[in-house]
Visitor: 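Structure incoming, see below.
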Amino acid sequence: PTRRSSDLDWLASLQPALPSQAQVRWAQLDIADGAALDTLLQQCQQQLPPLCAVVHTAGELADSSLLQMGSAQLSRVLRPKTDAAWQLHLATLHLPLRFFVMYSSVASVLGNFGQANYAMANGFMDGLCAWRRQQGLPALSINWGPWQQGGMALAQQHKINAQGYQWLNAELLQPHW
């Protein structure tokens, strides 16, 4: 699922890279809305083979110093990360998933100035995955750094360069694939 219609073109471009037997359904909804997520999963159960993987990639930024951060900035960042991750967890507990993957951020480990809300949201996802593994459930949280080819970090390139982070790119990661 995606909340932005602009994501649908990108998601559709992934289809050729998937195995020929894979059946994919793209849907536009806010997965932090538990009722909407449950409805989608029920439709999938009726129309598709069993769901075997969840990959949560949502994120939002609303940077501010902690003293200046209001509840709106906090909610804007937490909802697509923490609320959505929790709803995915609850909605899929009864399913025999092979993968439950959360795209987290290195910000949850190292922090970034002005991103306490983002660090907290990603830290929640890391903790949820750790808890799921303790319960014998599949879970992996990937603490991505900034991507050079795109993503939220590009808008903050100057700040990231000043902090000395290594930008991720396909060439850097190729030996590990």
Side-chain angles (χ1 to χ4, degrees), residues 1-4 7-8 10-11 14 17-18 22 24-41 44-45 48 50-63 73-112 115-156 160 165-170 172-173 176-177:
T2 180
R3 290 182 298 145
R4 292 184 271 259
D7 291 344
L8 294 177
W10 176 80
L11 293 172
L14 293 177
L18 297 171
V24 178
R25 178 173 177 174
W26 309 120
Q28 185 175 356
L29 77 141
D30 179 359
I31 60 171
D33 178 344
L37 178 59
D38 287 341
T39 299
L40 174 67
L41 290 177
C44 289
Q45 287 176 333
L48 299 171
L51 183 67
C52 65
V54 168
V55 180
H56 180 298
T57 64
E60 188 73 48
L61 293 177
D63 293 1
Q73 287 171 299
L74 192 59
S75 295
R76 180 177 163 194
V77 173
L78 292 181
R79 184 170 174 82
K81 288 276 190 186
T82 61
D83 295 357
W86 184 248
Q87 291 301 326
L88 280 169
H89 162 71
L90 292 176
T92 61
L93 274 173
H94 67 286
L95 299 175
L97 295 179
R98 293 182 14 207
F99 303 102
F100 186 92
V101 180
M102 303 275 111
Y103 276 26
S104 183
S105 170
V106 69
S108 72
V109 179
L110 302 177
N112 281 331
Q115 293 187 338
N117 50 3
Y118 190 65
M120 180 173 49
N122 285 287
F124 174 85
M125 291 172 44
D126 297 345
L128 175 60
C129 285
W131 183 82
R132 282 180 59 94
R133 285 191 305 274
Q134 289 175 348
Q135 304 305 309
L137 299 169
L140 174 66
S141 187
I142 303 172
N143 298 103
W144 293 110
W147 278 92
Q148 194 170 40
Q149 284 88 0
M152 295 185 299
L154 283 180
Q156 304 192 3
I160 290 169
Y165 285 118
Q166 168 91 32
W167 285 87
L168 298 176
N169 59 52
L172 179 68
L173 298 177
H176 303 288
W177 290 347

Visitor: Kindly write out the residues that satisfy salt bridge (Lys or Arg N to Asp or Glu O under 4.0 Å) with D126, not counting sequence neighbours, or none if the list is empty.
Guide: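 D126: no salt bridge (Lys or Arg N to Asp or Glu O under 4.0 Å) contacts found.
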
Visitor: If the condition is side chain to side chain donor-acceptor pair (under 3.5 Å), which residues does H56 pass it with, not counting sequence neighbours?
Guide: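 None.
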
Visitor: Side chain of N117, backbone of Q73: donor and acceptor closer than 3.5 Å?
Guide: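 Judged by distance alone, yes, a pair lies under 3.5 Å.
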
Visitor: Q134: which residues meet the side-chain contact (heavy atoms from CB on, under 4.5 Å) condition with it, sequence neighbours left out?
Guide: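 W131.
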
Visitor: Sequence neighbours left out, cut at 3.5 Å: what donor-acceptor pairs do the side chains of residues 76-83 make with other protein atoms?
Guide:
residue: R76; atom: NE; partner: E60; partner atom: OE2; Å: 3.4
residue: R76; atom: NH2; partner: E60; partner atom: OE2; Å: 3.1
residue: R76; atom: NH2; partner: L61; partner atom: O; Å: 3.3
residue: R79; atom: NE; partner: D30; partner atom: OD2; Å: 2.9
residue: R79; atom: NH2; partner: D30; partner atom: OD2; Å: 2.9
residue: K81; atom: NZ; partner: A58; partner atom: O; Å: 3.2
residue: K81; atom: NZ; partner: Y103; partner atom: O; Å: 2.8
residue: K81; atom: NZ; partner: N122; partner atom: OD1; Å: 3.0
residue: T82; atom: OG1; partner: L78; partner atom: O; Å: 2.8

Visitor: Only distances under 3.5 Å count here; give the side-chain donor-acceptor pairs of residues 90-98 to other protein atoms, sequence neighbours excluded, each with its distance to 0.1 Å.
Guide:
residue: T92; atom: OG1; partner: L88; partner atom: O; Å: 2.7
residue: H94; atom: ND1; partner: A91; partner atom: O; Å: 3.4
residue: H94; atom: NE2; partner: Q45; partner atom: NE2; Å: 3.3

Visitor: Quick check: closest heavy atoms across A107 and Y118, and the distance to 0.1 Å?
Guide: CB-CD2, 3.8 Å

Visitor: Which atom pair, heavy atoms only, marks the closest approach of G123 to S108?
Guide: N-CB, 3.5 Å

Visitor: Grab the two heavy atoms, one from G34 and one from Q87, that are nearest each other, plus how far apart they are.
Guide: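 Closest heavy-atom pair between G34 and Q87: CA-OE1, 3.1 Å.
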
Visitor: Minimum heavy-atom separation for I31 to A84, with atom names?
Guide: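 Looking at all heavy atoms of both residues, the shortest contact is CG1-CB, 3.4 Å.
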
Visitor: Quick one: CD on Q115 to OG on S105, what's the gap to the nearest 0.5 Å?
Guide: 7.0 Å

Visitor: Could you measure the distance from the CH2 atom of W147 to the CG atom of N169? Nearest 0.5 Å is fine.
Guide: 7.5 Å

Visitor: Looking at residues at least two apart in the chain, or sitting in another chain, which of them share a side-chain contact (heavy atoms from CB on, under 4.5 Å) with A130?
Guide: R133

Visitor: List the atom of F100, the atom of P138, and the distance in Å for their closest heavy-atom pair.
Guide: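 F100 and P138 have their closest heavy atoms at CB-O, 3.2 Å.
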
